[in-house]
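Take a look at the structure set out below.
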Amino acid sequence: MVGPPIEDIHFDDAPHVGEFPGPKGRDLLERQEAIDSNAVAYPDHIPLVPDAAKGATIKDVDGNVFLDMFAGIGVLNVGHANPYVMEAVHEQADKLVHTVDFPSEPRLDLIEKLEARAPGDLAGNSKVVFGGPTGSDAIEAAIKLAKYNTGGHGLIAFRGSYHGATSGAMSITGKKDFKEPYAPLLGDVEFAPYPHPYAQDRPPEEAVARSLEEVRAIVEDPYSGLTNPAGIFVEPIQGEGGVVTPPEGFLAGLREIADDNDLPLVVDEIQAGLGRTGEWWASDHYDVTPDIVTTAKALGGVGFPLSATIYHEDLDTWGPGDHAGTYRGHVVAMRAGSRAIEYIEAHDLLAHARDLGAHIRGRLRDVNAPLVGDVRGKGLFVGAEFTNPDGTPAADAVKAVQRYCYERGVLVWKAGPHGNVLRLLPPLVLTEAQADTALDVICEAIDHVTAERGATA
């Protein structure tokens with residue numbers, strides 16, 4: 001067996017919470033508020049000051065221990081400080097850290113691993129390019145590659161999307177207030193509806209048909225307003241948009257439209273990929289081969305910043321230096337990424353994610369609370385949408401659930417355009433016992449918030 005079993009890589013006493021935040025935590029939170037950027041966001045939601053972490057557990061500076069159900073927003077797929085990965089990290093860091101794009105064994109090993117596991121027909125027929133260290137950088141590379149190969153400049157994206165914080169990535173992101181201060185960004189971007197049967201109150205087939213009809217019109221209607229399209233950019237599951245899981249037929253329909261119009265289909269797997277959904281890539285669930293795949297987050301193994309763009313070898317038309325980035329030679333992250341892939345396979349974590357994710361969604365669906373309108377996702381990518389009796393988003397309820405949970409040692413996060421989706425992205429090494437412990441708290445939180453709202457209605 002490669003590395004220790006998943007049961008042996010966590011703090012034993014999670015969850016265990018006394019005073020939170022404790023005195024050391026409060027001191028550091030106050031110090032951060034005094035000197036750090038106004039852009040800091042996460043402590044506004046959870047006053048956590050981490051000190052150490054193992055597997056699916058985090059210990060803060062005051063000794064409180066938490067079950068981590070969001071893993072750095074999907075970064076830590078093999079858990080915090082996975083021993084098998086960290087063994088290679090320490091070895092590599094003492095040997096060689098940075099190589100730009102000179103060849104190295106860690107670089108070539110990771111490329112070969114990604115190429116062999118690329119979705120669909122990309123396996124055996126793909127190339128990999130590293131650029132900057134973030135998912136946004138991978139999106140920028142994909143935009144450049146699509147434009148470079150088509151000669152076009154128009155981009156098709158989707159409402160509810162999130163692709164990153166750089167200029168091009170923001171341009172194809174749906175969240176208006178996130179990008180409005182920086183407008184104008186890239187021109188000629190058209191947004192189609194993403195099929196969301198629950199929010200749109202439509203049967204799945206109808207939601208898919210409407211979305212595909214809009215996409216085809218944007219591309220093919222001579223009066224659609226989009227000139228000279230370069231590509232279609234889509235998340236196989238929308239993450240920040242609320243763990244929106246498209247029905248069957250959506251990605252296949254996009255593939256058909258792209259083929260009919262000689263456009264690349266770009267699938268953003270930054271949050272959904274590398275085992276998160278119980279397959280290497282979320283698009284694998286739909287048997288669809290993208291032309292270009294973006295990946296980051298979990299790619300760095302244990303949180304190292306690293307991104308890559310995987311694409312069909314026929315699109316490898318740019319010349320030396322046409323895409324660059326100083327940190328495209330982060331060999332420690334590359335070594336960590338390879339070890340993470342090996343650990344996932346050795347411990348059959350894809351099957352584990354599928355089974356445990358189904359168990360988690362089942363328990364959430366069994367909660368007798370009208371606030372929970374919809375539970376969805378694939379693998380350990382889980383969303384529960386909270387809705388008021390009048391149909392409006394219940395964002396305040398999700399916020400209250402989050403607070404109830406972290407006060408009892410379970411860290412959960414939010415998503416959705418209105419912040420009304422409880423989003424769970426635990427490490428793939430989460431055990432069933434840990435999941436049930438966390439769910440006991442989450443379900444208790446939902447019951448508590450439901451009762452509290454009933455008493456104050």
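Just so you know, residue 1 is the first one in the sequence shown, and it goes up from there.
Atom NZ of K144 is surrounded by more than 12 heavy atoms from other residues, nucleotides or ligands within 6.0 Å. The environment of CD in E213 is sparse: at most 12 heavy-atom neighbours from other residues, nucleotides or ligands sit within 6.0 Å.
Taking CG of L254 as the start and CG of L263 as the end, the distance is 11.0 Å to the nearest 0.5 Å. Rounding to the nearest 0.5 Å gives a distance of 11.0 Å between CG of N368 and CD1 of I446. To the nearest 0.5 Å, atom CG of residue N125 and atom CG of residue D314 are 8.0 Å apart.
Exactly one residue among I156, V189, V219 makes a side-chain contact (heavy atoms from CB on, under 4.5 Å) with L226. That residue is I156. Exactly one of D260, D259, D221 qualifies for a salt bridge (Lys or Arg N to Asp or Glu O under 4.0 Å) with R216. That residue is D260.
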N/O donor to acceptor pairs below 3.5 angstrom from side-chain atoms of residues 132-141, sequence neighbours left out:
| residue | atom | partner | partner atom | Å |
| --- | --- | --- | --- | --- |
| T134 | OG1 | S136 | N | 3.4 |
| T134 | OG1 | D137 | N | 3.3 |
| T134 | OG1 | D137 | OD2 | 2.8 |
| S136 | OG | A165 | N | 2.9 |
| D137 | OD2 | T134 | N | 2.9 |
| E140 | OE2 | T166 | OG1 | 2.6 |
| E140 | OE2 | G168 | N | 2.7 |
| E140 | OE2 | A169 | N | 3.1 |

Quiz: residues 147-154 side-chain donor-acceptor pairs under 3.5 angstrom, not counting sequence neighbours:
| residue | atom | partner | partner atom | Å |
| --- | --- | --- | --- | --- |
| Y148 | OH | D322 | OD2 | 3.1 |
| N149 | OD1 | T317 | OG1 | 3.0 |
| N149 | ND2 | L145 | O | 3.0 |
| N149 | ND2 | L315 | O | 3.0 |
| N149 | ND2 | T317 | OG1 | 3.4 |
| T150 | OG1 | A146 | O | 2.8 |
| T150 | OG1 | G152 | N | 3.0 |
| H153 | ND1 | D188 | OD2 | 3.4 |

For residues 413-425, run the donor-acceptor check on the side chains, cut-off 3.5 Å, and write out each pair with its distance to 0.1 Å, sequence neighbours left out.
| residue | atom | partner | partner atom | Å |
| --- | --- | --- | --- | --- |
| K414 | NZ | H45 | ND1 | 3.3 |
| N420 | ND2 | F386 | O | 2.9 |
| R423 | NE | K414 | O | 3.4 |
| R423 | NH1 | E240 | OE2 | 3.0 |
| R423 | NH1 | Q271 | OE1 | 2.9 |
| R423 | NH2 | E240 | OE1 | 3.3 |
| R423 | NH2 | E240 | OE2 | 3.4 |
| R423 | NH2 | K414 | O | 3.0 |

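Among residue pairs with one or both ends in residues 269-311, those qualifying as ring-ring contact (aromatic ring centres under 6.0 Å, His included) are F304-H330; sequence neighbours excluded. Applying the side chain to side chain donor-acceptor pair (under 3.5 Å) test to pairs two or more places apart or on separate chains, those with a residue in residues 111-122 are K113-E342, R117-E345. Pairs passing the side chain to side chain donor-acceptor pair (under 3.5 Å) check and including a residue from residues 288-301, sequence neighbours excluded, read R255-D291, D268-T294. Counting only residues at least two apart or on different chains, the side chain to side chain donor-acceptor pair (under 3.5 Å) pairs with a member in residues 386-396 are Y198-T387, N388-T392, N388-R453, D390-T392, D396-R453.
Every side chain to side chain contact (heavy atoms under 4.5 Å, CB included) that I9 has, sequence neighbours left out, goes to P4, N82, P83, Y343, V429. Every residue meeting the side-chain hydrogen bond (donor to acceptor under 3.5 Å, both in side chains) condition with K175, not counting sequence neighbours, appears here in chain and number order: D177. Legend: residues meeting side-chain hydrogen bond (donor to acceptor under 3.5 Å, both in side chains) with N77, ordered by chain and number and at least two apart, are R276. With sequence neighbours excluded, the residues that form a salt bridge (Lys or Arg N to Asp or Glu O under 4.0 Å) with E206 are R202. Under the side-chain hydrogen bond (donor to acceptor under 3.5 Å, both in side chains) criterion, D436 pairs with H359, R363, not counting sequence neighbours.
At least one test fails for R159 against the ring of Y194: distance under 6.0 Å to the centre or angle within 45° of the axis.
Looking at L212 and F250, their side chains come closer than 4.5 Å, going by heavy atoms from C-beta outward. Counting heavy atoms from C-beta outward, P15 and R408 have side chains that stay 4.5 Å or more apart. Between M69 and L411 the shortest side-chain heavy-atom distance does not fall below 4.5 Å. In this structure, S161 and Q238 have side chains that are in contact, with non-hydrogen atoms separated by less than 4.5 Å. Between P119 and P290 the shortest side-chain heavy-atom distance falls below 4.5 Å. Looking at V128 and F130, their side chains come closer than 4.5 Å, going by heavy atoms from C-beta outward. A heavy-atom distance below 4.5 Å is found between the side chains of V267 and V234. Residues P305 and Y327 form no side-chain contact, since every pair of their non-hydrogen atoms from C-beta on lies 4.5 Å or further apart.
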Run E235 and Y162 through side-chain hydrogen bond (donor to acceptor under 3.5 Å, both in side chains) and show every step you take.
CA-CA 8 Å; E235 295 164 274; Y162 179 84; over 6 Å; no
Show the numbers, then the answer: is there a salt bridge (Lys or Arg N to Asp or Glu O under 4.0 Å) between E279 and K378?
CA-CA 9 Å; E279 298 289 351; K378 290 185 181 295; over 6 Å; no
Verdict with reasoning, F191 to F233, per ring-ring contact (aromatic ring centres under 6.0 Å, His included):
CA-CA 10 Å; F191 290 87; F233 290 74; over 10 Å; no
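Judged purely by distance below 3.5 Å, without hydrogens or angles, the side chains of E269 and S283 pair a donor atom with an acceptor atom.
Listed for the R328 side chain is a donor-acceptor partner under 3.5 Å among the backbone atoms of G325.
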